[in-house]
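So the structure is just underneath, and the comments pick up after that.
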Amino acid sequence: QVHLQESGGGSVQAGGSLRLSCVASGLAITEYAMGWFRQAAGKEYEFVAAFSRSGGGTHYADSATGRFTLSRDNTKNTVWLQMNNLEPEDTATYYCAASLINWTLESDRSYNYWGQGTQVTVSP
């Protein structure tokens, strides 16, 4: 049974940082593309960042470029999203997701498995 567990969310002031973790079980992250999405209240899923399958490359949304950084430890089956210089517009529930395909990683429909999400709240 596949399980993706996010953690690390919280409440910070603008300009602060958070590091989100995603621990996977029931699958090997080396065999999946691993992505992060977010969903603000009343809005659609928004792509944030992703590792290509086998960690061959990283992809970032424009809103994340320069502020957010992906990292991973295959031995721990874990990926992280380091978020710096957070803005109130970053407030959302953040989800980790795994995809068997290695294209259109910016689309939530490309992903097979999802975590339950972790809340990030950024105050002005």
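The figures here come from the full heavy-atom set of this structure, side chains too, leaving out hydrogens, waters and symmetry mates. FYI, the numbering just counts along the sequence from 1.
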Which heavy atom in Trp36 sits nearest to a heavy atom in Ser21, and how many Å separate them?
CH2-O, 3.6 Å
Distance from Leu70 atom CG to Cys22 atom SG, nearest 0.5 Å?
11.0 Å
Do other residues, nucleotides or ligands put more than 12 heavy atoms under 6.0 Å from Glu87 CD?
yes
Give me the atom names and distance for the closest heavy-atom approach of Asn77 to Ile29.
OD1-N, 3.0 Å
Among side-chain atoms of Gln1 and His3, is any donor-acceptor pair under 3.5 angstrom?
no
Do Ser99 and Ser110 meet the criterion of a side-chain donor-acceptor pair at a distance under 3.5 Å?
no
Kindly indicate whether the side chain of Leu4, heavy atoms from C-beta on, has any atom under 4.5 Å from the side chain of Trp114.
no
What closest approach, in Å, do Leu81 and Ala49 show between heavy atoms, and which atom pair accounts for it?
CD1-CB, 4.3 Å
For the atom pair OG1 (Thr30) and CG (Asn74), what is the distance rounded to the nearest 0.5 Å?
6.0 Å
Examine Val48 and Tyr60 and state if one hydrophobic cluster contains both, with Ile, Leu, Val, Met, Phe, Trp and Tyr joined whenever side-chain heavy atoms are less than 4.5 Å apart.
yes
Rounded to the nearest 0.5 Å, the CZ atom of Arg38 sits from the CG atom of Asp108 at a distance of 14.0 Å
Rounded to the nearest 0.5 Å, what separation is found between the CE atom of Met34 and the OG1 atom of Thr78?
9.0 Å
Quick check: do Val120 and Thr91 have side-chain heavy atoms less than 4.5 Å from each other?
no
Shared ILVMFWY cluster between Val2 and Leu100, side chains joined below 4.5 angstrom?
yes
Heavy-atom nearest pair, Ala92 first then Tyr94, reads O-CD1, 3.4 Å
Are Phe37 and Tyr111 near enough that their ring centres are under 6.0 Å apart?
yes
Hits for side-chain contact (heavy atoms from CB on, under 4.5 Å) against Thr93, two or more places apart or cross-chain, chain-then-number order -> Tyr95, Gln119
Give the minimum heavy-atom separation between Ala33 and Asn102, together with the two atoms involved.
CB-OD1, 4.0 Å
Run the side-chain contact (heavy atoms from CB on, under 4.5 Å) test on Arg72 and Phe51 for me, step by step, so that the C-alpha distance in whole Å, both residues' side-chain angles and the decisive distance to 0.1 Å come before the verdict.
CA-CA 9 Å; Arg72 64 193 290 155; Phe51 275 113; 3.4 Å; yes
With rounding to the nearest 0.5 angstrom, report the OG1 to CD distance, Thr121 to Gln13.
12.5 Å
With sequence neighbours left out, what residues match Arg67 under salt bridge (Lys or Arg N to Asp or Glu O under 4.0 Å)?
Asp90
Verify the distance criterion only: is there a donor paired with an acceptor across the side chains of Trp80 and Ser71 at less than 3.5 Å?
no
Test side-chain contact (heavy atoms from CB on, under 4.5 Å) applied to Val12 and Ser123, step by step
CA-CA 6 Å; Val12 297; Ser123 57; over 6 Å; no
In Å, rounded to the nearest 0.5 Å, how long is the span from CD of Glu46 to CD of Gln39?
10.5 Å
Derivation and outcome, side-chain contact (heavy atoms from CB on, under 4.5 Å), residues Leu86 and Phe68
CA-CA 9 Å; Leu86 284 161; Phe68 296 1; 3.9 Å; yes
Checking the side chain of Thr118 only, and the main-chain atoms of Gly9 only, is there a donor and an acceptor separated by less than 3.5 Å?
yes
Are a donor atom and an acceptor atom from the side chains of Ser17 and Asn84 found within less than 3.5 Å of each other?
yes
If you apply the rule side-chain contact (heavy atoms from CB on, under 4.5 Å), what do you find for Leu20 with Met83, and how did you get there?
CA-CA 8 Å; Leu20 305 184; Met83 305 189 297; 3.8 Å; yes
Nearest atoms (heavy-atom pairs only) where Gly115 meets Glu6
CA-OE2, 3.2 Å
